[in-house]
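Atom set for the values below is all heavy atoms of this structure, side chains included, hydrogens, waters and symmetry mates excluded.
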There are 2 protein chains.
Amino acid sequence: MTAPALPDRQRDADRTRAEILEVATREFADRGYNGARVDDIAARTRTTKRMIYYYFGGKEQLYIAVLQRAYAQIRQAEQTIDVDHLDPATAIRRLAEITFDHHEAHPDFIRLVSTENIHRAEHLSQAHDLVTLNTPAIQLIQGILERGHTTGVFHRDADAIDIHMMISAYCFFRVANRHTFGTIFGRDLMDHSTRDHYRTMLGDMIVRYLTTTNH
Amino acid sequence: MTAPALPDRQRDADRTRAEILEVATREFADRGYNGARVDDIAARTRTTKRMIYYYFGGKEQLYIAVLQRAYAQIRQAEQTIDVDHLDPATAIRRLAEITFDHHEAHPDFIRLVSTENIHRAEHLSQAHDLVTLNTPAIQLIQGILERGHTTGVFHRDADAIDIHMMISAYCFFRVANRHTFGTIFGRDLMDHSTRDHYRTMLGDMIVRYLTTTNH
DNA sequence: CTCCTAATGTACGAACTAGTACGTTAGTTA
DNA sequence: TAACTAACGTACTAGTTCGTACATTAGGAG
């Protein structure tokens, strides 16, 4: 345990490390991996470029650390979700809405994921501890689907990961592709006035998919 | 009209220009705007870097030309779609499937769009003639929705652009986020064996959304 | 056949950028 | 309080990368 609430020292490894990570997250999210500048990250910190290499080793390792932290934060948020007290249909709608809100609140994370996909997840696959874990989100969906199936509200088996993909795709696209979509169709998907509309639409989409069969 | 079928000349402006565009598309799609190297593009061409500057003016203008061409090709493909002979539900499913197939067949385009969104569509908005046009895809959906509404198969009004977004989000995510999704959940969304599954799932999702109300 | 210009190639420069060698100091510990 | 080390700063380098000045030639016009 580190000494609690020490009056701000001039030298503080934890603070410096954390500050670099914070600034680097913004820079990488903003400009992508290749667009990000180590010098710019350093300049926005109270410390110097030397410290980036001292603590992280290099640009790539810093980026991996940024990814790791970003995913860890998402996981942590997912842990707190509780929808067991709701009936299956309401529960899955609620979960979709939470995902919707989460994407909206963390555009930086979305941008990092987009960037990482351009790089074919070559860095993410090096963030070892993250890869093996199965996320809490899937467990949650799995539980809801099982309840819905036994209750008979959900008409047939659906796979938890597939439903997660369906929800994520919708939420991710709205944030990630906001700019090209807005440019082409003249409609800002993130406009405040349409937020509720798109949130409801997502819930309807998922619930109707699960509670209905064709014809 | 240019002279038809001239035996390959040593100097051919059109051929050189086209070849640069072709190679540049791959490079930009592969590595993003900042990751792409002008020298690498030139090296993979039968001509030299000088010609890139001669014909396009610079890296950024070349990238804009690449975007412009990519979007134009998509538009052209959309023009050929004909689903008027199908009943509304089948038509919208068919349209979704065509979109699905199209995304799968053009991962380079998807990657360009991802890259462009990281750059907040700053280049796309400079590709003037593309922005103003309303895409044929929206017109198609609009028509299907109207038919479905009058027939009574589609239970309520839905907006064409919204439905387009819903379909695109699903198709786009499957291709664009393939790598991070695969790394985290250990499931390759582009695996051949699950292709039909995901294609059907999309169709079901859209049709059920349009033909059902809640409860 | 000659001339002219669009098209092409070569070689180079200026600016940027990741990374490092080397020197310094704060804060802890004995 | 002396000494030691983790933490930090400065100044530089090597390599890359976009862009261009300058030289050359193919091929059509007259």
Point to revise | Within-4.5 Å side-chain heavy-atom neighbours: Tyr33(A) and Phe28(A) | key: yes
Exercise for review: Output the residues of residues 19-28 of chain B in contact with DNA chain C, where contact means a heavy atom of the residue under 4.0 Å from an atom of the strand; sort by number or write none.
Suggested key: none
**Study point:** Whether over 12 other heavy atoms sit under 6.0 Å from His85(B) NE2
**Key:** yes
Exercise for review: Check the distance between dT17(D)'s P and Leu62(B)'s CG and give it to me in whole angstrom.
Suggested key: 16 Å
Revision key, fill the gap. Counting primed atoms, P, OP1 and OP2 as sugar-phosphate and everything else as base, the B/S/- map of nucleotides 5-16 of chain C against protein heavy atoms under 4.0 Å is -BBBBB------
Revision key, fill the gap. From CG of Asn34(A) across to P of dT16(D) the rounded distance in Å is 15 Å
Review point. Okay, side chain of Glu19(A), backbone of Arg46(A): is any donor-acceptor separation there less than 3.5 Å?
Key: yes
Point to revise | Among Arg199(B), Glu104(B), His103(B), side chain to side chain contact (heavy atoms under 4.5 Å, CB included) partner for Arg174(B) | key: Glu104(B)
Exercise for review: Treating a pair as Watson-Crick (purine N1 to pyrimidine N3 plus N6-O4 or O6-N4) or G-U wobble (N1-O2 and O6-N3) with both distances under 3.5 Å, list the stems of 3 or more consecutive pairs that involve DNA chain C.
Suggested key: C:1-30 with D:1-30
Exercise for review: Indicate whether any N or O donor in one side chain lies under 3.5 Å from an N or O acceptor in the other, for His179(A) and Glu116(B).
Suggested key: no
Review point. Do Glu27(B) side-chain atoms and Asp40(B) backbone N/O form a donor-acceptor pair below 3.5 Å?
Key: no
Review point. What is the distance from CZ of Arg31(B) to P of dT16(D), rounded to the nearest Å?
Key: 13 Å
Exercise for review: Look up atom CG in Leu140(B) and atom CG in Asp82(B), then write down how far apart they are to the nearest 0.5 Å.
Suggested key: 8.5 Å
Check your understanding: How many angstroms lie between atom OG1 of Thr135(A) and atom CD1 of Ile184(B), to the nearest 0.5 angstrom?
Key -> 8.0 Å
Exercise for review: Please work out whether the ring planes of His102(B) and His106(B) are parallel, tilted or perpendicular, with thresholds of 30° and 60°.
Suggested key: parallel
Practice item. Kindly assign one of parallel, tilted or perpendicular to the pair Phe109(A) and Tyr71(A), based on the angle between their ring planes and the thresholds 30° and 60°. Key: perpendicular
Practice item. Please confirm whether the backbone N or O of Ile118(A) pairs with a side-chain atom of Arg111(B), one donor and one acceptor, at under 3.5 Å? Key: yes
Revision key, fill the gap. Tyr33(B) atom OH is separated from dT17(D) atom P, nearest whole Å, by 14 Å
Exercise for review: May I ask you to say what Ala36(A) touches in the nucleic acid, namely base, sugar-phosphate or nothing, with a heavy-atom cut-off under 4.0 Å?
Suggested key: sugar-phosphate
Practice item. Give a yes/no answer on whether the side chain of Tyr53(A) brings an N or O atom under 4.0 Å of OP1 or OP2 in dG19(C). Key: yes
Practice item. Starting from P on dT20(D), measure out to CG on Asp39(B) and report it in whole angstrom. Key: 14 Å
